[in-house]
Amino acid sequence: MEYIVDRGNIVIHSASDFDIEHILECGQCFRFYKIGEKNYRVIAQSRILEVTQMHKKVILHHTTEEDFLHIWRTYFDLKRDYSAIKQKLGKMNQHLQCAVTEKSGIRLLQQDTWETLISFIISQNKHITHIKQLIEDLSKAYGTYIATVDGVNYYTFPTAMQLSSAKEKDLRALKVGFRAPYIIDAREKVLKGEVDLNALGDRPIDDAKRDLMTIKGVGPKVADCVLLFGAMRYEVFPVDVWVKRVMEHFYFNEETKINLIHDYAMKAYGDLAGFAQQYLFYYARDFQIGKRKNSMET
DNA sequence: AGCCAGGAATCAC
DNA sequence: GTGATTCATGGC
């Protein structure tokens with residue numbers, strides 16, 4: 001995408017397939033704050049970035065051309081042609097056509113593998129607002145101070161090393177509950193090299209997933225999320241309660257086992273499965289599709 | 001107040 | 001192997 005440098009900001013005048021609200025609120029990441037309408041503060045890459053959008057004009061505030069080219073362009077996945085992806089998905093069926101049209105500004109962020117691993121371990125059986133809170137508390141307790149903006153202190157997400165002093169009771173004090181030993185097991189296996197997060201991108205997908213699932217508290221869904229959001233493995237299809245509901249609602253018309261949904265989608269969507277999942281998830285959650293009172297209607 | 005949350009481990013058969 | 005129960009915590 002074409003950009004200009006303007007008074008210390010990076011400005012993209014004609015962003016395509018980009019909606020900062022869709023990107024951040026679609027459930028793939030947790031470390032962001034809404035400042036105003038289409039105005040967000042993002043904590044990533046050991047940095048704080050403020051993003052504003054007005055129609056097709058996107059402003060990345062107080063950043064350099066070098067950071068844009070080497071960090072944010074990759075992080076926001078700006079080199080990928082999402083029009084082509086949406087076109088292919090939209091042709092597959094009418095429901096996907098609705099999802100990609102309604103949530104047309106989604107892009108899959110290229111996030112840190114370790115951060116997604118711990119974040120999605122924490123995410124299990126929790127509402128997104130609470131997940132965000134826990135991750136924030138964890139960062140404040142163990143991360144590195146970045147800066148203070150508008151009177152708020154911001155911290156990086158702690159590395160495995162930075163978490164090495166944490167004991168189970170320390171994590172429980174942060175209210176992560178039964179996930180405390182899971183986080184510790186993830187830290188141990190990563191620090192000892194028993195699980196190599198850097199290898200996830202290159203290995204056969206089944207091997208990579210099996211590796212992740214040796215960590216306590218990492219099952220099929222969390223492993224898929226780490227592979228998709230933290231290792232750019234777009235052929236996976238994480239099935240959570242929302243994806244299960246929307247798939248039942250649109251494709252199966254009855255209660256369906258997670259495994260069946262997962263295998264069906266991976267086969268049907270192929271190397272676009274991860275993208276399909278994200279459009280469907282955000283679409284389903286936003287419109288509460290398949291939830292109780294709406295279930296199995298229309 | 002009770003139900004649910006971007007699930008997974010554990011136990012019962 | 002499948003199905004039910006348990007796990008901690010907060011929001012609604």
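Per chain, numbering begins at 1; letters A, B, ... match sequence-line order. The structure displayed is predicted, hence computed values, not measured ones.
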Select one nucleotide: of [options], the one nearest the side-chain heavy atoms of [X].
{"X": "A/Tyr182", "options": "B/dG6, C/dA8, B/dA9", "result": "B/dA9"}
{"X": "A/Gln278", "options": "B/dG6, B/dA5, C/dT9", "result": "B/dG6"}
{"X": "A/Thr129", "options": "B/dG6, C/dG11, B/dA5", "result": "C/dG11"}
{"X": "A/Lys126", "options": "B/dG6, C/dT9, C/dT2", "result": "C/dT9"}

OP1 or OP2 of B/dA5 sitting under 4.0 Å from any side-chain N/O of A/Arg179? no

For [X], report the nucleic acid contact type (base, sugar-phosphate, nothing); a contact means any heavy atom under 4.0 Å.
{"X": "A/Pro220", "answer": "sugar-phosphate"}
{"X": "A/Tyr282", "answer": "nothing"}
{"X": "A/Lys175", "answer": "sugar-phosphate"}
{"X": "A/Arg285", "answer": "nothing"}
{"X": "A/Gln28", "answer": "base"}
{"X": "A/Cys29", "answer": "nothing"}
{"X": "A/Val239", "answer": "nothing"}
{"X": "A/Gly27", "answer": "base"}
{"X": "A/Phe281", "answer": "base"}

Taking atom [atom2] of [N] as reference, at what distance in whole Å does atom [atom1] of [X] sit?
{"X": "A/Leu117", "N": "B/dG7", "atom1": "CG", "atom2": "C1'", "value": "14 Å"}
{"X": "A/Lys244", "N": "B/dA5", "atom1": "NZ", "atom2": "P", "value": "11 Å"}
{"X": "A/Ile261", "N": "B/dG6", "atom1": "CD1", "atom2": "C1'", "value": "14 Å"}
{"X": "A/Met247", "N": "B/dG6", "atom1": "CE", "atom2": "P", "value": "19 Å"}
{"X": "A/Lys291", "N": "C/dC12", "atom1": "NZ", "atom2": "P", "value": "12 Å"}
{"X": "A/Lys132", "N": "B/dG6", "atom1": "NZ", "atom2": "C1'", "value": "14 Å"}

Using heavy atoms to find the nearest nucleotide of DNA chain B for A/Met213 and A/His127 separately, return the residue whose nucleotide is more 5′.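 With A/Met213 and A/His127 compared, the 5'-side residue is A/His127.
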
Decide yes or no, distance alone: a donor-acceptor N/O pair under 3.5 angstrom between the base of C/dA8 and the side-chain of A/Asn125.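 In this structure, the two groups form a donor-acceptor pair.
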
C/dG11 base / A/Gln133 side chain donor-acceptor hit below 3.5 Å: no

Evaluate the criterion salt bridge (Lys or Arg N to Asp or Glu O under 4.0 Å) for residue pair A/Arg210 and A/Asp207; output intermediate values, then yes/no. CA-CA 5 Å; A/Arg210 199 175 309 119; A/Asp207 294 348; 3.2 Å; yes

Shortest non-hydrogen separation from A/Ile12 to A/Leu78 and the atoms involved: CD1-CD1, 4.2 Å

C/dA8 and B/dA1: how far apart are their P atoms, nearest whole angstrom?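 Pairwise P distance, C/dA8 against B/dA1, rounds to 23 Å.
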
Expressed in whole Å, how much space separates the P atoms belonging to B/dG6 and C/dT2?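 The same atom, P, in both gives a distance of 27 Å.
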
Checking A/Glu248 against A/Lys244 for the salt bridge (Lys or Arg N to Asp or Glu O under 4.0 Å) test, could you report, in this order, the C-alpha distance in whole Å, the side-chain angles of both residues, the deciding distance, and whether it holds? CA-CA 6 Å; A/Glu248 288 170 345; A/Lys244 181 171 187 292; 2.7 Å; yes

A/Val243 vs A/Phe237, test: side chain to side chain contact (heavy atoms under 4.5 Å, CB included). Steps then yes/no. CA-CA 9 Å; A/Val243 174; A/Phe237 191 85; 3.5 Å; yes

Using the rule for Phe, Tyr, His and the six-membered ring of Trp, do A/Trp242 and B/dG6 stack at under 5.5 Å and under 30°? no

Linking Ile, Leu, Val, Met, Phe, Trp and Tyr by side-chain heavy atoms under 4.5 Å, what else ends up with A/Met161?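 A/Leu191, which link up through side-chain heavy atoms under 4.5 Å apart, make up the rest of the cluster.
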
Members sharing A/Tyr145's hydrophobic cluster (side chains within less than 4.5 Å): A/Tyr155

